[in-house]
Amino acid sequence: MPFMSDRRVDRLTSLLRRRGVVLPSFELYGGVSGLVDYGPVGARIRRKVMDSWIDHWTSHGDIVEVDSPAITPESVLVASGHVGEFNDLMVECGGCTGAFRVDHLIEDSHENKNSLSPEELVAILSTGIECPTCKESKWSDVRTMDLMFSTQIGAMKGGRKAYMRPETAQGMFMLYPALFRHFKQKLPFGAIQTGKGYRNEISPRQGMIRLREFNMAELEYFIDPEDPPCPSLNTWSDSIALVPDPDGEHSGECLITISEALSAGIVRHPTVAWFLARTMDFLINVGIDSTRIRFRQHASTEMAHYADDCWDCELHGEHGWVECVGIANRTCHDLLSHERHSGSKQLKAWRQFEEPRSEIRDVLVPNGASLGPAFKGRAGKVIEALQNLTEIPEKMPFELTLTDGSSVQITDEMATRRSEEVTLHGEWFTPHVIEPAFGIDRIIWHILDHSYTETEKEGEKYSIMRLSSNVSPYDVAVLPLFDKDGMGEIASDILSRVNSMPGLRGEMDSSKSIGRRYARVDEIGVPWAITVDHETLKDGSVTVRRRDDQKQIRVMVDDVLLNLGTGTVSTLF
RNA sequence: GCGGACAUGGUCUAGUGGUUAUGACAGUAGGUUCCCAACCUGCUAACCCGGGUUCAACUCCCGGUGUCCGCACCA
């Protein structure tokens, strides 16, 4: 083994580099912080994590996968609120050169800081706000911190301003009308999308934890807020660590089953509860240590104004507790905002009443014979305004305001008052959306962190990556004990049989001693090794070695391959 | 973004203003051994980038980039 740093995290990162799992990007040119590469081994792991994530959600039946561009026109991100929020105003202190967010500095001096313009913020700043570090108040000019990567669609002057998406979610909101049709116009349904997201972090640190370009996997689940899906939670009998809202009545960490948490009112929304449970399942399935998972509820104060129950799933590792999944009830905020900004009428869903409802409505029926001659070209607008009246005036004549802002006088003969009975079979409403958003790189880091095991073997340090077979880079290693007497050929043959099985990938290694080869595959987390030896030549049996306890058994080749295909090799032991 | 430390083969490191720049591990070729990183021999492979000082810079100075540690930031 090479030199061992005294920090576990250093030894782990060094292994990940050495074995081609995760490495800094563009190192040839000095590297770029916040960007990483997945090497040949890491890319396999990432692919498997992504695939099991997609499989986990699409197997449910009412969730489908979509894919939309990373390049996003500015108007979309204005509507979503990203263009405003991602441009935090920053200011530097002339005394100690510290950088601060203006809104944080003036927090105590103004109640409604969110409503202030940049000019007003600067004005308040110059009233003698002190630097929290050095107590001076010599502030530099205010500048914006753009946390999105901006670009342009079209190379020439007329190019349209755009950004690299900071989340994949907006693409799914754009596809809402298509999804609504796909699901035969019935809620609930969901869409997932995996892909890259981009944030120009001020100071990315901690390796894979804060990246500038990162792998996301997001799910938008559209529901009727008056009829939220309440899947049964009885299948989840294990307790989950919850850290409820510190300002709420349930503050303090607790270990509790998900259905208890829902009935106790800790988790406020039944669909959110279901997503917490399903998220737990996914994480355990890809090999996260269940004792190092917890769900932390956002305090009412830190929650975005539109959301009403948000949970972060945090994983514990070398960097402490890190937020890896955010499960938010975004309510109708996004769809409504896109409806307002785009003017589209397709962002709603239909709610059928159980019983048709009749209503008596007073209406003014326009009289075209009288309106036409009176208003000529504007008559159309007048009729439209009359039909859109929500309150029918008591008396005639009255002033009617048109959509262009002008008003006209409506007299008796221009419209007839009438009571109409209308039967309503349902109504249009804006669906709510529950969004679980997964940071895949952070999850992969914790899979590696939790799997990395340092032991000793005959006084030597020995590392094993105890990856779940669901995410291991190779399913099996095929090792000829000697590369002679035809063992190499038999091994190649076994390998190609493995590789021809759907979804399976094996690796062959015939160099150096057998112990060294076991060590190499242990280090990258290959769960099984098949060794071809002299007996194989005689009877077709091989040694199967289990990574986690180094136990080995003798089995017929065909049996191992069969069990590899069904994921049941462990039953042979 | 600020301050401090650091930057040498794939990994971890030694070292110097001057001619072939250490060592270990890994890799590789051969020998030997054979079910847990054995051994022997050979080989491959590095001074972060740009400028300056100097007869001469991997070494000293400045700038950049990157990493780590604090501060700030993390929607």
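Throughout, protein chains are lettered first and strands after them, A, B, ... in sequence-line order, and every chain is numbered starting at 1.
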Rounded to whole Å, CG of A:Leu23 lies from P of B:U11 at a distance of 9 Å
- Could you check whether the rings of A:His338 and A:Phe173 sit parallel, tilted or perpendicular, using 30° and 60° as the cut-offs? tilted
message: Tell me if the side-chain of A:Glu201 makes a donor-acceptor pair with the base of B:C73, cut-off 3.5 Å, by modelled atom types.
response: no
Whole-Å distance, A:Glu523 CD to B:A26 C1', equals 10 Å
With the side chain defined as heavy atoms from C-beta on, A:Thr543 is closest, among B:C36, B:C71, B:C35, to B:C35
Assert: residue with more 5' nearest nucleotide on RNA chain B, out of A:Glu323 and A:Arg520, is A:Arg520
Looking only at B:G66, B:C36, B:G70, the nucleotide nearest the A:Ser33 side chain is B:G66
Using Watson-Crick geometry (N1-N3 plus N6-O4 or O6-N4) or G-U wobble (N1-O2, O6-N3), each under 3.5 Å, B:A24 is paired with B:U11
Per atom distances to the A:Tyr462 side chain, the nearest of B:A37, B:C12, B:C34 is B:A37
Walking RNA chain B from its 5' end, the first of A:Leu28 and A:Val32 to be reached, judged by nearest nucleotide, is A:Leu28
The residue among A:Glu318, A:Met465, A:Arg466 that forms side-chain contact (heavy atoms from CB on, under 4.5 Å) with A:Tyr452 is A:Met465
_Between B:A26 and B:G1 - C1' atom distance, rounded Å_ = 39 Å
Of the candidates B:C69, B:C36, B:C73, the side chain of A:Arg205 sits closest to B:C69
For B:G30, the nucleotide meeting Watson-Crick or G-U wobble distances (both under 3.5 Å) is B:C40
Between CE of A:Met487 and P of B:C35 the distance, given in whole Å, is 11 Å
| query | Salt-bridged, A:Asp559 to A:Arg554, with N to O below 4.0 Å? | reply | no
Whole-Å distance, A:Ile514 CD1 to B:U32 C1', equals 17 Å
query: When you measure from the side chain of A:Asp475 to the backbone N and O of A:Arg505, does any donor-acceptor pair fall under 3.5 Å?
result: yes
Any strand, both distances under 3.5 Å, Watson-Crick or G-U wobble: B:A45 pairs with none
From OH of A:Tyr518 across to C1' of B:C34 the rounded distance in Å is 11 Å
Cation-pi check, A:Arg294 to A:Trp321: give yes when NZ or CZ is under 6.0 Å from the six-membered ring centre and within 45° of the ring axis, no otherwise. yes
Closest to the side chain of A:Arg554, out of B:A37, B:C36, B:C35, is B:C35
A:Arg19 CZ to B:A37 P, in whole Å, measures 16 Å
Checking N1-N3 plus N6-O4 or O6-N4 for Watson-Crick, or N1-O2 and O6-N3 for wobble, each under 3.5 Å, the partner of B:C71 is B:G1
- Under 3.5 Å, side chain of A:Glu218 to main-chain N/O of A:Ala169, donor-acceptor pair present? yes
Next on the checklist: Measuring only the P atom in each nucleotide, how far is B:C49 from B:U65? A whole number of Å is fine.
Outcome noted: 16 Å
Using the C1' atom in both, what is the distance from B:C48 to B:C58, to the nearest Å? 11 Å
A:Arg210 atom CZ is separated from B:U67 atom C1', nearest whole Å, by 16 Å
query: According to a strict under-4.0 Å criterion, is A:Arg516 in side-chain N/O contact with OP1 or OP2 of B:A26?
result: yes
When both distances are under 3.5 Å in a Watson-Crick or G-U wobble arrangement, the nucleotide paired with B:G18 is B:C55
ask   = With a 4.5 Å limit on heavy-atom distance, are the side chains of A:Asp449 and A:Arg8 in contact?
value = yes
Check: Checking all strands, does A:Ser513 fall into the base, sugar-phosphate, or nothing category for heavy-atom contacts under 4.0 angstrom?
Finding: sugar-phosphate
Check: Which value, in whole Å, describes the distance between the C1' atoms of nucleotides B:G10 and B:G17?
Finding: 30 Å
(message) Taking only the C1' atom of each, what is the distance from B:G64 to B:A7 in whole angstrom?
(response) 14 Å
Rounding to 0.5 Å, atoms CG (A:Asp10) and CG (A:Leu15) come to a distance of 12.5 Å
note: A:Arg545, atom CZ; B:A37, atom C1'; distance rounded to Å ~ 11 Å
Phosphate contact (B:A37 OP1 or OP2) by A:Arg517 side-chain N/O below 4.0 Å: no
**Asked** Given B:U11, is OP1 or OP2 found less than 4.0 Å from the side-chain N or O atoms of A:Arg17?
**Response** yes
Exercise. Do the side-chain N or O atoms of A:Arg18 get closer than 4.0 angstrom to the phosphate oxygens (OP1, OP2) of B:C12?
Worked result: no
Review point. On a whole-Å scale, what distance lies between the P atoms belonging to B:U59 and B:U8?
Key: 13 Å
Under 4.0 angstrom, heavy atoms only, what part of the nucleic acid is A:Tyr29 near: base, sugar-phosphate, or nothing?
nothing
Euclidean distance for P, B:G3 against B:C62 (whole angstrom): 14 Å
Exercise for the section: Examine B:A38: is either OP1 or OP2 under 4.0 Å from a nitrogen or oxygen in the side chain of A:Lys512? Give yes or no. Expected result: no
Item to complete: Please measure how far the C1' atom in B:A38 lies from the corresponding atom in B:A46, and state the result in whole Å.
Response: 29 Å
Of the candidates B:G70, B:C36, B:U11, the side chain of A:Lys457 sits closest to B:C36
In terms of the angle between their ring planes, are A:His319 and A:Trp445 parallel, tilted or perpendicular, with boundaries placed at 30° and 60°?
-> tilted
Taking a pair to mean Watson-Crick or G-U wobble geometry with both distances below 3.5 Å, B:C6 pairs with B:G66
Under 4.0 Å, heavy atoms only, any strand: does A:Glu27 hit a base, just the sugar-phosphate, or nothing?
nothing
**Asked** Contact class for A:Arg7 vs. all strands (heavy atom < 4.0 Å): base, sugar-phosphate, or nothing?
**Response** sugar-phosphate
For A:Asp533, which contact category applies under a 4.0 Å heavy-atom criterion: base, sugar-phosphate, or nothing?
-> base
